[in-house]
Amino acid sequence: MKRRLSAWNSPGLMLKATGKNQSSRLCWLLSLSVIFWFLLFYFHVVVFGGRTIDKFIKLESNLSQTQPLKAHHRPSPDSYPFIRALRTVENMSDPCGGRYIYVHELPPQFNEDMLKECQKISIWTNMCKFTSNAGLGPPLENVEGVFSNTGWYATNQFAVDVIFGNRMKQYECLTKDSSIAAAIFVPFYAGLDISRYLWGYNTSVRDAASLALVDWLVKRPEWKVMGGKDHFLVAGRITWDFRRLSEKDSDWGSKLLFLPAAKNMSMLVVESSPWNSNDFAIPYPTYFHPSKDAEVFEWQDRMRKLERPWLFSFAGAPRPGDPKSIRGQLIEQCKNSKGGKLLECDFGESKCHSPSSIMQMFQSSLFCLQPQGDSYTRRSAFDSMLAGCIPVFFHPGSAYTQYPWHLPRHYSNYSVFIPEDDIRKKNVSIEERLLQISPEKVKMMREEVIRLIPKLIYADPRSRLETLKDAFDIAVQSVIDKVTNLRKDIIEGREDPNFIEEISWKYALLEDGQREVRPHEWDSFFSKPKNDGDFDGSSTVAAKNSWKNEQRGKS
């Protein structure tokens, strides 16, 4: 007996028995825990998620059919907040169907207050006279008979903000109901705003209005519909004035176009970036702002009948500090050619300050040379075409990739292209190149330029043309088309996974229906140095020079 008890009470046997009991107890507790959580989950699903289960069962049943899963995950078109706007086009009795514009009522600090303090807009120019007459500036007297008797104004090239804003007030399809709007306009005078602070102000001051505007917009219910992708604004300056790359006070301009919210909006500028997709170029304003179709037709007829004794002409100043500029060679060729006419521009008094002198020279020329300015584009290109003069471009960024809304894709129908390098290396005589074009071809090209005139001018904002579409009309319709196509793509679940913003200039050249970009003959013109995100690696210098030279009257 003692031997049994002793064996039973031995340490080894007790350890084995204890371990066995603990293991059984642990398994039992684990089983209870699993049962408890299963019951809890079942209770939650049955009581709170019954409807979800029913929907899931139905969805699984539908998925057994031929339609793919993705199609069933796509919301119904009726669920999109912009569907009313898309369907207005179906109302055949509504002439504004698909064309309504909603205009934000911004606080006056973003527009009207700037006009009240117009003397502060520019340190070089009294902008008060240029913001008069709805942004057209003072009327031009037709002393020398170069202009028409009506519709001509001393318009500043940076006045598009005001002209466009006043034209929008006359737009025939404005609406107070944003749910039917094809697009939403933001009447912020971005160009005038930054003009005030380009010199002698830190980045905080330069960015203040842009940041305040974005803060105001993103809180609006209209913004939340598409995150701002249906919004657009206008700034009558080059894009580089709104693309500051750093927070250094020494860097140029504001960072408006780099703000996350602004990247969703469309910004219309007089020169866009070939490497970004949130800005779109519209024409510089010219001196002609007709109020009736008849004024346009009369001007076009007059340009057809003019005698043009000069083969080609150039109005501009050299750029001795810019080794890439070909202006020096162009001036030299003008001086050495019997068929060349030169209007030299420089600081101080010059005929380049006179709209009459400029237009008179363009009207007397078959071809007008339009090299790059301090940036890609020049107002002079539009003044020359207004005069019926065939433009000669030397860089595709001066017109072809800039203004696809307003100029034909087939550029050889209305212009001549001579690559800059051909001039730089003295491989081409401009006179010989132009003389190779047959008189019949020249006549056809000039007629095409004259035909384009209505699309390149801004009508008087205080009136409206009857049948013709001007630069404003084309820009607004192009924005509407862009937003409408985006909305349709959202509904259909379409997107372009291969879109590359850095080559956005190529997309503007695609024919209708094309989506894929390929290597292009102009690739070398838009290649950028590594680690440079700006205009030929020098957007700050270009913008500064453009501001100084253009404000002082140089072309």
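Remark: the backbone N or O of L257 is paired with a side-chain donor or acceptor of N278 at under 3.5 angstrom. Between the side chain of Q402 and the backbone N or O of G397, at least one donor-acceptor pair lies under 3.5 Å.
Counted by atom type alone, Q170 and S463 present zero donor-acceptor pairs between their side chains at under 3.5 Å. Looking at Q360 and S356, their side chains never bring a donor and an acceptor atom within 3.5 Å of each other.
Relative orientation of the F417 and Y411 rings is perpendicular, given thresholds of 30° and 60° on the angle between their planes. Ring geometry for W405 versus F280: interplanar angle under 30°, hence parallel rather than tilted (30 to 60°). Ring pair H395/Y376 is tilted by interplanar angle, where 30° to 60° counts as tilted. W299 and F288 have tilted rings, their planes meeting at an angle from 30° to 60° on a 0 to 90° scale.
In this structure, R451 pairs ionically with E448, as a charged nitrogen and a carboxylate oxygen lie closer than 4.0 Å. Note on K506 versus D523: salt bridge recorded, some NZ/NE/NH1/NH2 to OD/OE distance being below 4.0 Å. Between D230 and R487, at least one side-chain nitrogen of the basic residue sits less than 4.0 Å from a carboxylate oxygen of the acidic one, meeting the salt-bridge criterion. Checked for salt-bridge contact, E431 and K338 miss the test: no charged N lies under 4.0 Å from a carboxylate O.
Residue D470 forms a salt bridge (Lys or Arg N to Asp or Glu O under 4.0 Å) with just one option from R167, R464, K292, and that option is R167. Residue F393 is tested with F525, Y400, F367 for a ring pair (Phe, Tyr, Trp, His ring centres under 6.0 Å); the sole match is Y400.
For the pair R379 and Y287, the cation-pi criterion (under 6.0 Å, within 45° of the ring axis) is fulfilled.
Here the closest heavy-atom approach between residue M359 and residue A387 is recorded as CE-CB, 3.9 Å.
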